[in-house]
Asker: 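First, the structure itself, so that you have it in front of you.
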Amino acid sequence: MRPKWIRDLLRIHIDSGWLPIGLLAVICIGVIILFVMSFRTADDASESSDSNERAHGPITGAVARIRPHHASWMPAGAVIGFVVGFAITFLLDRLLVFGVELGTTVDLVVGAGCAVIGALVAAIMMFRARRRLLAIVLVPFAVLSCAVNVNGVYGEYPTLGSVLGVSTFRAIDPSLIHPASTTVGEWNDAVERGHAPAMPDHGLVASVAIPATQSGFRARNAVIYLPPAALVDDPPKLPVFIMMAGQPGSPDRAFLAGQLQRIFDEYAAVHHGLAPIVVSPDQLGNAFHNTLCVDSSKYGNAETYLTRDVTNWIRDTLPVESDAAHWAIGGFSQGGTCTIQLGPSHPDLYGHMFTVGAELGPHDGSERSMIHTFFNGDENAYRRHVPIDIMRARQHSDQTLIMAAGALDDESISNITQVAGVAKDIGMDTTTFVVEGTGHDWHTVQSALRASVDRLGMQLGLGGQARPLEDFDNIRPLDVATIPDKGE
């Protein structure tokens, strides 16, 4: 059990609030002080050149005057820093070095951070003694501020604990889990008659270890959400929503960065305490492992863990419905790609899919290296994990699919048009849209889930109506045409 002060420290938000603002304030104040001092240095230099002219003649004084004006050093350093920082980030972005588009906002944030660092480097070269020391001390603050602001764009690491890979959620108390004794319909009838049991205003988020009984996969603890209706002594059978984070990432990222608890609590508040039970399992085993959500000799049996161990544990432990019509699988980025691999491959488990920023298929290096490393050189085995190929092999599906991407994430939008086009062609009920003003980040996930939660609830059997996408100011529906098989 960690001391309270450590838990509070790990919960400090670094994507918003006082920390990023405080860092920015320190940097701005320090740079302004140094810039003002640069004029004093320039005046001293001017007086020195005047003295040289009087002492040594006009030629020596003129030579002193043509030296660069100290007051221009910091602005020049800022301009050079911005150009270099923006150019490097822009190039890395266009070459997709990180596997996804960073976005122009990130390019600008890095450029601005490098501009500050450039100005401070110029100050270090220009000043002496205490002024130089001040500039040196400000450099790490500038680097940290830049990193915090880039993180703010993505929303990837909301707290200090998430950066350190330490979960801020406590282990589940087993006494809070009760077997289901009624149905959603009976629950709603009881509520309408005024016989609803007392329940908390908010759901519960907790950490839980899901044993890898069949797979042997070395997974980190999962994070689960139990809505208010699940926390009574006699809960109804509830639907299941499996939500996977991206890579690098961890199970708690969906709740910390994706704000799942807040979104489903808001849903439960207007649905008699009902909402899906959310489970965020670990499909990676390590933040920097990309398992591709397949069984392989490299990282272990990730697919078996998700489709067997996680599924069996949920059914055996939690008050849930068991049939696929009441189960949805979803994810962001790599987790979204896993969704459209596993969903169509296991229609007996998942009736519904929700993705944000999904790729066209497993992606870790070149296709050739993936086939060699993860599929023992068997290209057919690899193709059996490519979503479009899976769907075409199915030929028909009654599943539903929701796909979303940030408007600034061109690659993911292109992926939607291809995957959802094939999904429509085989009969899937598809919903596709983009989130305005966001890119490949968790802000997109938050907006996409808020725009989809009513639709998911309806699809999963909780009733209600799907709110039209046009009701959301930042949501733009994306029309997708069916894409017939190229072999036809």
Side-chain angles (χ1 to χ4, degrees), residues 95-101 212 214-219 244 246-248 283-286 288-309 329 331-350 353 355 357-397 399 401 403 405 411-428 430 440 480 482-488:
L95 294 176
L96 292 179
V97 171
F98 300 102
V100 297
E101 293 183 6
Q214 295 186 36
S215 66
F217 182 70
R218 299 182 64 180
M244 293 174 286
Q247 188 273 328
Q283 81 277 18
L284 303 175
N286 181 294
F288 299 101
H289 288 174
N290 185 354
T291 64
L292 307 184
C293 285
V294 302
D295 292 347
S296 73
S297 58
K298 183 171 184 178
Y299 292 129
N301 299 326
E303 182 174 1
T304 298
Y305 177 72
L306 293 170
T307 59
R308 295 290 176 261
D309 294 327
I329 185 170
F332 166 55
S333 192
Q334 192 264 5
T337 309
C338 292
T339 295
I340 50 176
Q341 291 172 225
L342 300 179
S345 295
H346 301 275
D348 57 318
L349 301 180
Y350 319 109
M353 292 168 277
T355 77
E359 296 180 280
L360 289 177
H363 180 77
D364 185 23
S366 69
E367 184 175 298
R368 182 177 179 181
S369 67
M370 276 192 298
I371 293 172
H372 173 74
T373 303
F374 290 90
F375 302 97
N376 298 319
D378 186 346
E379 183 175 356
N380 289 329
Y382 163 72
R383 301 306 309 182
R384 287 196 294 271
H385 290 82
V386 175
I388 289 176
D389 289 4
I390 300 168
M391 292 178 185
R392 283 182 172 150
R394 288 275 316 280
Q395 296 184 349
H396 178 76
S397 174
Q399 294 170 295
L401 173 63
M403 297 193 77
E411 183 182 8
S412 293
I413 294 174
S414 174
N415 295 343
I416 289 176
T417 62
Q418 297 179 65
V419 175
V422 175
K424 288 182 67 175
D425 191 49
I426 66 170
M428 281 192 194
T430 62
H440 196 85
V480 176
T482 59
I483 303 177
D485 194 325
K486 293 180 180 179
E488 295 180 357

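Remember, predicted model here, so these are calculated numbers, not experimental data.
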Asker: Using distance alone, with no hydrogens and no angle criterion, decide if Glu303 and His346 have a side-chain donor and acceptor under 3.5 Å apart.
Answerer: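 There is such a pair (donor and acceptor under 3.5 Å, judged by atom type) between the side chains of Glu303 and His346.
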
Asker: Mind checking the CD1-CG spacing from Ile329 to Leu342? Nearest 0.5 Å is all I need.
Answerer: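 Spacing of CD1 (Ile329) from CG (Leu342) equals 5.0 Å.
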
Asker: I need the Met244 CE to Leu306 CG distance, nearest 0.5 Å.
Answerer: 6.0 Å

Asker: Can you tell me how far the OH atom of Tyr305 sits from the CD atom of Gln283, to the nearest 0.5 Å?
Answerer: 10.0 Å

Asker: Counting only N and O atoms by type, is there a donor-acceptor contact under 3.5 Å from the side chain of Thr373 to the main-chain atoms of Met370?
Answerer: no

Asker: Can you give me the closest heavy-atom contact between Phe374 and Tyr299, atom names plus distance?
Answerer: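 Scanning both residues, the minimum pair turns out to be CE2-CD1, 3.9 Å.
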
Asker: For the CD1 atom of Ile371 and the OG atom of Ser366, what is their distance to the nearest 0.5 Å?
Answerer: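 Between atom CD1 of Ile371 and atom OG of Ser366 there are 8.5 Å.
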
Asker: Going by salt bridge (charged side-chain N to carboxylate O under 4.0 Å, His left out), name the pairs with one or both residues in residues 381-391, residues two or more places apart or in two chains.
Answerer: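 Applying salt bridge (charged side-chain N to carboxylate O under 4.0 Å, His left out) to every pair that reaches into residues 381-391, excluding sequence neighbours, yields Arg383-Asp389.
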
Asker: Identify the two heavy atoms, one from Ala420 and one from Val480, that lie closest to each other, and give their separation to 0.1 Å.
Answerer: C-CG1, 3.8 Å

Asker: Under 3.5 Å, side chain of Gln399 to main-chain N/O of Gly343, donor-acceptor pair present?
Answerer: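 It does hold such a pair.
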
Asker: Looking at Thr430, is its backbone amide N or carbonyl O close enough to the side chain of Lys424 to form a donor-acceptor pair, meaning the two atoms are under 3.5 Å apart?
Answerer: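 Absent.
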
Asker: Looking only at non-hydrogen atoms, find the nearest pair between Gln341 and Val294 and report the distance.
Answerer: NE2-CG1, 4.1 Å

Asker: Looking at Asn380, is its backbone amide N or carbonyl O close enough to the side chain of Asp378 to form a donor-acceptor pair, meaning the two atoms are under 3.5 Å apart?
Answerer: yes

Asker: Look at atom CD of Glu379 and say whether more than 12 heavy atoms of other residues, nucleotides or ligands are closer to it than 6.0 Å.
Answerer: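 Incorrect, the count does not exceed 12.
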
Asker: What's the verdict on side chain to side chain donor-acceptor pair (under 3.5 Å) for Asn290 and Gln334, showing C-alpha distance, side-chain angles and the deciding distance?
Answerer: CA-CA 8 Å; Asn290 185 354; Gln334 192 264 5; 3.0 Å; yes

Asker: Mind checking ring-ring contact (aromatic ring centres under 6.0 Å, His included) for Phe375 and listing every partner two or more places apart, or none if nothing turns up?
Answerer: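 Once residues adjacent in sequence are excluded, the partners of Phe375 under the ring-ring contact (aromatic ring centres under 6.0 Å, His included) criterion are Tyr382, His385.
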
Asker: Please check: side-chain N/O of Thr339 versus main-chain N/O of Gly331, any donor-acceptor pairing under 3.5 Å?
Answerer: yes

Asker: Check ring-ring contact (aromatic ring centres under 6.0 Å, His included) between Tyr350 and all other residues, then give those that pass, not counting sequence neighbours.
Answerer: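 Residues passing ring-ring contact (aromatic ring centres under 6.0 Å, His included) with Tyr350: none at all.
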
Asker: Indicate the atoms forming the closest heavy-atom contact of Ser412 with Gly357, along with that distance.
Answerer: OG-CA, 3.5 Å

Asker: Quick one: does Met353's side chain get under 4.5 Å of Pro344's, heavy atoms only?
Answerer: yes

Asker: Can you name the one residue among Asp295, Asn301, Asp309 that meets side chain to side chain donor-acceptor pair (under 3.5 Å) with Ser215?
Answerer: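 That would be Asp309.
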
Asker: Looking at Gly335, is its backbone amide N or carbonyl O close enough to the side chain of Ser333 to form a donor-acceptor pair, meaning the two atoms are under 3.5 Å apart?
Answerer: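 Not a single qualifying donor-acceptor pair exists.
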
Asker: Hey, could you give me the CG/CD distance between Leu284 and Gln247, rounded to the nearest 0.5 Å?
Answerer: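 Atom-to-atom, Leu284:CG and Gln247:CD are 6.0 Å apart.
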
Asker: Check this for me: His372, atom NE2, are more than 12 non-hydrogen atoms of other residues, nucleotides or ligands nearer than 6.0 Å?
Answerer: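 It does not: His372 NE2 has 12 such atoms or fewer within range.
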
Asker: Less than 4.5 Å apart, any side-chain heavy atom of Val419 and any of Met391?
Answerer: yes

Asker: What closest approach, in Å, do Gly361 and Pro387 show between heavy atoms, and which atom pair accounts for it?
Answerer: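 Looks like CA-CD, 3.7 Å.
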
Asker: With a 3.5 Å distance limit and no angle check, can you tell me whether Thr355 reaches the backbone of Ala358 through a side-chain donor-acceptor pair?
Answerer: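 Here the side-chain-to-backbone pair does not exist.
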
Asker: Between atom CD1 of Ile340 and atom CG of Leu360, what is the distance when rounded to the nearest 0.5 Å?
Answerer: 7.5 Å

Asker: Side-chain contact test, heavy atoms from C-beta onward, threshold under 4.5 Å: evaluate it for Gln395 versus Ile426 and give yes or no.
Answerer: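 Contact flag for Gln395/Ile426 side chains = no.
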
